[in-house]
Structure formats: structure tokens, C-alpha cells
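Computed from a predicted structure; not experimentally measured. Note that these values count all heavy atoms, side chains included, but never hydrogens, waters or copies made by symmetry.
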Amino acid sequence: MLFRSEDPEQAKCLAYLKTASGAWATRADVTVSYQPNEGPLKYGPLGLGFGAYPGGHHFGPELQFGHVVGDALEDPVLIIKTAWGGKSLAVDFRPPGAGGEVGPYYNKMIAQARSAIDRVEHPTDGSPPRKAILSGFVWYHGWNDGCDPQHAVPEYRDNLVHLIDAVRKDLGAPNLPVVVGELTGPWVEAPGEWNTLRQSQKAATELDRFRDTVRFVPTHDFVRKPEDSPNPGHGHHEFGNAETGLLVGNALGQAMVKLVGQN
């Protein structure tokens, strides 16, 4: 998302994102670890710049998510962002248990999570070691599966259930709180296979054995019009609308705080 704050009223509500001097603010008690497909690891205090694009003004839902969980939790927070464009759950993130070959990006996600946790517990930069407590997993995804309505959409619910089970097993957290964000895209009312995919996301979270540990977060009301957004042709990225990204992050964060509190 690309952030613009020319609107005076919006700027008031989002004042915490900037310092008194007008620079973009960072938050020392929330750290983000993000390894893009290309380039060096992005690691540091929560702020702008952890998007997949170069430059310092892009961000994803992690920005507001980090502020919400950072406000709620007394301990420092580490957000391990694993996001690579154009990837499906059916193939790229295919989890163990779903049948077929495990997706390379599932393995990459688990490896990067372990690496980030190890960095906290065994620092090499002179900082004091900390005990890392894995407290939650957020899954906000779906576009590329929606592009394959014959195969990926019909199996999305089962694949998502397998993903939750596999992440919990591979990271040694059997009751890990999980938040699933509804596919946003360019629709308030999604047509055809896109609506089916949304329903599958919600259905996966409603299994009895996931009660009180998995939560579905609707996001469709956060969609903004393309003409009110900086990237009208990028429906797959919510038109690059910063308000959408902040609202999604806020909702995901609130859901995670509730689950962590219950668990």
C-alpha cells in the first residue's frame, strides 16, 4: 500500500504515524522481519517500508496490525512477515497433509519463521537474548487460488485446514491462535468463484476443533473505489489504497488480541 496523508481530517486520525517534525514514525517495541523475494532482509522497528516494493512509503496490513497488538501486549512484539506475490495455496504454499508435493513457499515460510525466532533467542549483534513465545499466525491470502476456479477454489477450504494443522505442528504450537483474513480484492460483493473462495475461507475456520483458537475476519467492507485510490488498475492489491490496508490490519490485530487473550 502507498500512504498519502493530504486529507487534513484523515491526517489527524493517523497522527501516530508521524513524528512531531513530520517524519514517518517508527515503533521500537514492535519489530518486523521480512525477507522479500529479492534483496536484503528488512528488519527493524515497525514503520513504513516493509512492503514488497522498493522505497520507503509502502506497507501492508502489518503496519496497523503491529500498532494494535503492540498497544495490547506488554511484551515486545516480533512480526515475521512472509509475503511473495503471485503464490497459491493449492501449489506454492501447499501444506503437508494436503496430498501431493509440499509447496516450496510453505517450506520457505516455516524456515523464515524459525530463522527469525532464532535471531531473537541467539542474537549475533550484541543485543541481549530473549525467549520467543510464538503467539499467533495470520493468513491473509487467496487471489491466485481464485484464478484457478476448477482446481484451487474447490479444495481451498481443505487446504486451509491442512495449513493451520501443519503450521501448528511444524512450529511446535498445537493450539496456536490463527486469524484468517477474508480475501479483499476489488469487491464488496465478490462474484462467482471469488465468492465461493471467501465462503471456503470462512468455512475452514468454523470447524468445531478450531473453536476459540481460529477466527475469520471479514474485510469486504474495507474495499474503496478505484477512482479514490492511487492504483485504479490493481484490484488484486486493493487498488493500492492505504485506508484499506490500515483497516484490514486493524481488524486482523483486534481479532488476534482477542484470541491471544483467550489462550
Side-chain angles (χ1 to χ4, degrees), residues 1-83 85 112 116-117 119-120 123-130 132-133 135-136 138 140 179 181 184 217 219 222-224 228-231 234 237-258 260-261:
M1 301 293 172
L2 178 65
F3 181 72
R4 297 179 179 177
S5 59
E6 288 89 350
D7 186 307
E9 291 303 313
Q10 185 184 65
K12 282 184 197 174
C13 297
L14 303 175
Y16 63 92
L17 293 177
K18 285 194 171 185
T19 65
S21 65
W24 295 113
T26 58
R27 182 166 181 154
D29 63 337
V30 181
T31 299
V32 182
S33 177
Y34 172 44
Q35 178 60 67
N37 252 339
E38 298 180 0
L41 174 72
K42 297 182 180 183
Y43 191 95
L46 178 70
L48 272 66
F50 289 100
Y53 297 101
H57 291 180
H58 290 86
F59 65 91
E62 78 282 340
L63 180 62
Q64 182 62 12
F65 177 87
H67 280 287
V68 172
V69 297
D71 287 345
L73 302 175
E74 294 182 5
D75 293 322
V77 173
L78 172 63
I79 297 173
I80 305 167
K81 178 174 179 177
T82 55
Q112 291 194 8
I117 291 170
R119 178 174 180 153
V120 171
T124 58
D125 58 359
S127 58
R130 295 178 179 271
I133 301 172
S135 299
V138 175
Y140 179 51
V179 170
T184 308
V217 174
T219 66
F222 305 146
V223 176
R224 297 297 178 258
D228 295 331
S229 307
N231 264 322
H234 280 204
H237 284 162
E238 295 77 39
F239 311 117
N241 192 291
E243 183 182 19
T244 301
L246 289 170
L247 290 171
V248 169
N250 196 70
L252 297 175
Q254 289 177 344
M256 183 58 71
V257 166
K258 289 179 181 177
V260 171

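- If you take CD on Glu238 and OG1 on Thr184, they are separated by 5.0 Å, rounding to the nearest 0.5 Å.
- Of the possible polar contacts, none joining the Lys42 side chain to the Pro36 backbone as a donor-acceptor pair under 3.5 Å is found.
- For Thr244 (side chain) and Phe222 (main-chain N/O), a donor-acceptor pair under 3.5 Å exists by modelled atom type.
- For Arg130, the salt bridge (Lys or Arg N to Asp or Glu O under 4.0 Å) criterion is met by no residue, not counting sequence neighbours.
- Rounding to the nearest 0.5 Å places OG of Ser135 at 8.0 Å from CG of Asp75.
- Residues Val120 and Ala132 share a closest heavy-atom pair of CG1-CB, 4.4 Å.
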CA sep, side-chain torsions, deciding dist, call: Met256, Val138, side-chain contact (heavy atoms from CB on, under 4.5 Å): CA-CA 8 Å; Met256 183 58 71; Val138 175; 3.7 Å; yes
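- Side-chain contact between Tyr43 and Thr31 is present, with at least one heavy-atom pair separated by less than 4.5 Å.
- Nearest heavy atoms, Pro45 versus Phe50: O-CE1, 3.5 Å.
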Table please: side-chain donor-acceptor pairs of residues 248-255 below 3.5 Å, with sequence neighbours left out.
| unit_1 | atom_1 | unit_2 | atom_2 | d |
| --- | --- | --- | --- | --- |
| Asn250 | OD1 | Gln64 | NE2 | 2.9 |

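- Taking CD1 of Ile79 as the reference point, atom OH of Tyr34 lies at 13.5 Å (rounded to 0.5 Å).
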Verdict with supporting geometry, Phe59 and Leu246, side-chain contact (heavy atoms from CB on, under 4.5 Å): CA-CA 9 Å; Phe59 65 91; Leu246 289 170; 3.9 Å; yes
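- Lys81 places no side-chain N or O within donor-acceptor distance of the main-chain N or O of Glu62, the cut-off being under 3.5 Å.
- For the atom pair Leu46 CG and His67 NE2, the distance stands at 4.5 Å (nearest 0.5 Å).
- Shown here are the salt bridge (Lys or Arg N to Asp or Glu O under 4.0 Å) partners of Arg119, two or more places apart in sequence or in another chain: there are none.
- With rounding to the nearest 0.5 angstrom, the CD1 atom of Ile133 is 12.5 Å from the CG atom of Leu78.
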side-chain contact (heavy atoms from CB on, under 4.5 Å) evaluation trace for Ile80 with Ile117: CA-CA 9 Å; Ile80 305 167; Ile117 291 170; 4.1 Å; yes
Working for side-chain contact (heavy atoms from CB on, under 4.5 Å), residues Val260 and Val69: CA-CA 10 Å; Val260 171; Val69 297; over 6 Å; no
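- The structure places OG of Ser229 at 12.0 Å from NE2 of His234, a figure rounded to the nearest 0.5 Å.
- Arg224 places no side-chain N or O within donor-acceptor distance of the main-chain N or O of Glu243, the cut-off being under 3.5 Å.
- Val77 places none of its side-chain heavy atoms less than 4.5 Å from the side chain of Arg27.
- Scanning all heavy atoms of the two residues, the minimum distance from Gly240 to Pro230 falls at O-CG, 3.2 Å.
- The two residues Val257 and Ala72 come nearest to each other via the heavy atoms CG2-CB, 3.6 Å.
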